[in-house]
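Below: one structure, written as structure tokens.
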Amino acid sequence: MPQAETSALAADTAGLPAPVALHEDADLLVLCKPSGLLCVPGRGPDKQDCLSARAQQHWPGALIVHRLDQATSGLVLMARHAEAQRRLSLAFEQRQIHKRYVAIVQGLVAEPPGSWADIHLPIAADWERRPLRVIDAEHGKPSHTRWRPLDHNTAAGTTRVELEPVTGRTHQLRVHLAALGHPILGDALYANAATQAQAPRLLLHAGELALAHPTTGQAMRWELAADF
């Protein structure tokens with residue numbers, strides 16, 4: 001990247017507001033990402049404001065461990081140094097870090113409130129319509145989501161659901177729910193126009209995060225209520 005462009009991007013990220021932190025120590029950060037904010041920089045000077053850039057302004061050396069979609073809100077884990085990033089990334093790969101989400105979906109889900117169900121539908125990239133993903137029995141990667149309805153809004157014809165991704169495919173929760181016929185309200189990628197119009201944003205929120213501390217091994221858990 002040319003020096004002038006590098007300097008311009010640095011200027012774009014200077015003075016960014018500090019993310020809200022639920023937890024910070026010498027090894028990790030647990031941050032609150034608002035809907036609409038990127039987790040990492042995109043292409044172009046107008047996409048440099050992101051959670052990682054804001055974190056690095058206030059916690060130098062902070063490193064991304066996982067991401068949320070730009071439209072999704074909620075808890076994001078970051079590492080304070082490379083060794084913590086390595087340990088936390090390994091914990092994600094070994095499914096030792098547990099996340100739960102809440103969403104509001106179109107339709108009245110038939111399962112009784114509180115009953116967990118499993119979605120096993122393989123997901124693949126839709127190369128002709130990137131960044132979209134599709135259910136593809138032949139080429140898709142195994143994808144597993146646990147979910148349960150929490151309550152129904154009969155008047156609106158919607159259901160609040162809790163979601164637990166067992167695997168971590170791109171757009172997994174959005175694709176799985178849409179495939180069941182219950183797309184998330186406000187989903188500009190996988191819902192029809194009427195469902196998109198029912199909310200000003202994607203109603204998907206990462207509300208719970210649990211893990212063993214990468215240095216001490218202490219069991220840790222955080223919750224952040226959704227604003228919808």
Side-chain angles (χ1 to χ4, degrees), residues 16-41 50-104 114-119 143-150 160-174 176-177 184 202-228:
L16 294 175
V20 175
L22 263 65
H23 176 87
E24 60 175 295
D25 62 32
D27 299 297
L28 60 85
L29 300 164
V30 178
L31 305 178
C32 307
K33 188 189 87 66
S35 174
L37 182 68
L38 291 165
C39 269
V40 297
C50 61
L51 187 70
S52 61
R54 294 185 182 192
Q56 288 160 5
Q57 286 284 317
H58 298 274
W59 297 279
L63 298 165
I64 280 286
V65 177
H66 71 116
R67 305 179 190 183
L68 296 179
D69 293 345
Q70 182 177 5
T72 304
S73 60
L75 298 174
V76 174
L77 178 67
M78 293 190 70
R80 298 292 304 274
H81 52 82
E83 178 59 20
Q85 184 190 45
R86 185 189 70 79
R87 293 182 184 181
L88 292 169
S89 297
L90 181 61
F92 265 109
E93 291 175 12
Q94 297 177 344
R95 301 180 185 174
Q96 296 172 348
I97 294 179
H98 303 284
K99 298 184 293 177
R100 282 190 180 178
Y101 295 70
V102 64
I104 297 179
S115 298
W116 285 97
D118 292 276
I119 306 171
S143 306
H144 180 193
T145 299
R146 299 182 69 240
W147 72 302
R148 62 175 178 173
L150 297 176
R160 179 180 292 267
V161 299
E162 187 172 27
L163 302 152
E164 186 177 282
V166 180
T167 53
R169 311 301 178 202
T170 299
H171 297 174
Q172 176 175 312
L173 302 179
R174 300 165 71 174
H176 273 176
L177 289 168
I184 302 173
L202 176 72
L203 298 190
L204 177 63
H205 175 80
E208 294 186 31
L209 180 66
L211 54 87
H213 192 280
T215 299
T216 67
Q218 177 186 356
M220 310 186 80
R221 182 173 176 273
W222 299 273
E223 290 187 16
L224 178 67
D227 62 359
F228 54 80

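The analysis underlying the following values was restricted to heavy atoms, covering all of them including side chains, and did not include hydrogens, waters or symmetry mates.
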Please name the pair of heavy atoms, one in [X] and one in [Y], separated by the smallest distance, quoted to 0.1 Å.
X	Y	answer
Ala79	Leu88	CB-CD1, 4.1 Å
Pro19	Ala55	CG-N, 3.8 Å
Pro34	Cys32	CD-O, 3.6 Å
His205	Ser73	ND1-OG, 2.8 Å
Ala212	Gly217	CB-O, 3.9 Å

Derivation of the side-chain contact (heavy atoms from CB on, under 4.5 Å) call for Leu202 and Ile184: CA-CA 7 Å; Leu202 176 72; Ile184 302 173; 3.7 Å; yes
Where at least one partner belongs to residues 212-228, residue pairs that pass salt bridge (charged side-chain N to carboxylate O under 4.0 Å, His left out), sequence neighbours excluded: Arg201-Asp227, Glu208-Arg221, Arg221-Glu223
Derivation and outcome, side-chain contact (heavy atoms from CB on, under 4.5 Å), residues Leu204 and Leu163: CA-CA 10 Å; Leu204 177 63; Leu163 302 152; 3.9 Å; yes
Side-chain donor-acceptor pair present, His176, Thr145, cut-off under 3.5 Å: yes
Gln56 (side chain) donor-acceptor with Ala62 (main chain) under 3.5 angstrom: yes
Gln218 backbone acceptor or donor facing Thr216 side chain under 3.5 Å: yes
Considering only heavy atoms from C-beta outward, does the side chain of [X] approach that of [Y] to under 4.5 Å?
X	Y	answer
Trp147	Leu173	no
Arg160	Pro149	no
Arg95	Val166	yes
Leu22	Leu31	no
Met78	Leu63	no
Val161	Leu150	no
Arg148	Ser115	no
Leu29	Arg80	yes

Partners meeting ring-ring contact (aromatic ring centres under 6.0 Å, His included) with His213 (sequence neighbours left out): none
Which residues share a ring-ring contact (aromatic ring centres under 6.0 Å, His included) with Trp222, sequence neighbours left out: His23
If I take atom [atom1] from residue [X] and atom [atom2] from residue [Y], how far apart are they, to the nearest 0.5 angstrom?
X	Y	atom1	atom2	answer
Leu77	Leu68	CG	CG	10.5 Å
Gln172	Ile119	CD	CD1	8.5 Å
Asp118	Glu164	CG	CD	9.5 Å
Lys33	Leu75	NZ	CG	11.5 Å

Arg67: partners by side chain to side chain contact (heavy atoms under 4.5 Å, CB included), with sequence neighbours left out: Cys39, Val40, Ile64
Side chain to side chain contact (heavy atoms under 4.5 Å, CB included) involving Glu93 - partner list, sequence neighbours excluded: Leu90
Inter- and intrachain pairs under ring-ring contact (aromatic ring centres under 6.0 Å, His included), touching residues 57-92, at least two apart: His66-Phe92
Check ion pair Arg100-Glu162 (N to O, under 4.0 angstrom): yes
Salt bridge (Lys or Arg N to Asp or Glu O under 4.0 Å) assessment of Asp69 paired with Arg174: CA-CA 10 Å; Asp69 293 345; Arg174 300 165 71 174; 2.9 Å; yes
Asp27/Glu83 under side-chain contact (heavy atoms from CB on, under 4.5 Å): CA gap, chis, key distance, verdict: CA-CA 9 Å; Asp27 299 297; Glu83 178 59 20; over 6 Å; no
